[in-house]
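Below is one structure; the comments refer to it alone.
Keep in mind that the numbers below use all heavy atoms, side chains included, and drop hydrogens, waters and symmetry copies.
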Amino acid sequence: MYTIYRLNTDELNAEWLESVKALFPHKAIEIAVTDAESNEQDETDYLLKVPANRARLLEALENVLQQRNLVSVNLNDLK
């Protein structure tokens, strides 16, 4: 299982730690910490460097802006 938590450092507390422990009971886990804002830019730059990725991402963005080919998902249905 792979989970990403995105939160402000002010939200780090015992309750958060307990939720992680409940999600991964009796398991060895890894926790990596990065500045979310700089990480977002790095990922975008990386994806846009490859011409095929860039074309696909720009096409997807255009579809969203033109409201074409959109798919609605009810998150409750994913449980």
Side-chain angles (χ1 to χ4, degrees):
M1 176 187 247
Y2 184 82
T3 301
I4 296 176
Y5 291 92
R6 180 177 291 241
L7 59 140
N8 187 294
T9 54
D10 296 335
E11 298 173 276
L12 291 173
N13 57 29
E15 183 179 317
W16 177 81
L17 181 57
E18 290 302 318
S19 72
V20 172
K21 289 169 65 175
L23 191 58
F24 299 97
H26 312 292
K27 306 261 184 185
I29 64 170
E30 293 182 13
I31 297 177
V33 178
T34 184
D35 179 346
E37 291 176 8
S38 66
N39 192 36
E40 284 177 1
Q41 187 60 40
D42 292 343
E43 290 174 8
T44 302
D45 288 343
Y46 171 77
L47 290 172
L48 292 176
K49 283 182 183 177
V50 177
N53 285 347
R54 181 181 185 83
R56 176 65 189 107
L57 289 170
L58 292 175
E59 178 185 347
L61 178 59
E62 184 63 25
N63 283 339
V64 170
L65 293 175
Q66 299 298 321
Q67 296 194 5
R68 299 179 304 203
N69 302 323
L70 298 181
V71 176
S72 295
V73 176
N74 183 336
L75 296 180
N76 292 325
D77 294 339
L78 299 176
K79 291 181 181 182

Residues two or more places apart in sequence or in another chain: which of them pass side-chain contact (heavy atoms from CB on, under 4.5 Å) with Leu58?
Arg54
Set of residues satisfying side chain to side chain donor-acceptor pair (under 3.5 Å) with respect to Asn63, sequence neighbours excluded
Arg68
Taken in chain and number order and not counting sequence neighbours, the residues that satisfy side chain to side chain donor-acceptor pair (under 3.5 Å) with Glu15 are none
Applying side-chain contact (heavy atoms from CB on, under 4.5 Å) to Asp10 and not counting sequence neighbours gives Asn8
Which pairs pass ring-ring contact (aromatic ring centres under 6.0 Å, His included) with one or both residues in residues 5-32, sequence neighbours excluded?
Tyr5-Trp16
In the single-linkage hydrophobic clustering (I, L, V, M, F, W, Y; side-chain heavy atoms under 4.5 Å), do Val20 and Leu12 co-cluster?
yes
Using side-chain contact (heavy atoms from CB on, under 4.5 Å) as the criterion, list what pairs up with Val64, not counting sequence neighbours.
Leu70
Atom CG in Leu23, atom NZ in Lys21: separation rounded to 0.5 Å?
13.5 Å
Going from CG on Leu17 to CD1 on Ile31, what distance comes out if it is rounded to the nearest 0.5 angstrom?
7.5 Å
Residues forming a side chain to side chain donor-acceptor pair (under 3.5 Å) with Glu59, sequence neighbours excluded
none
Answer yes or no: does atom CD of Gln67 have more than 12 heavy-atom neighbours from other residues, nucleotides or ligands under 6.0 Å?
no
side-chain contact (heavy atoms from CB on, under 4.5 Å) filter on Leu61, not counting sequence neighbours, yields Leu65
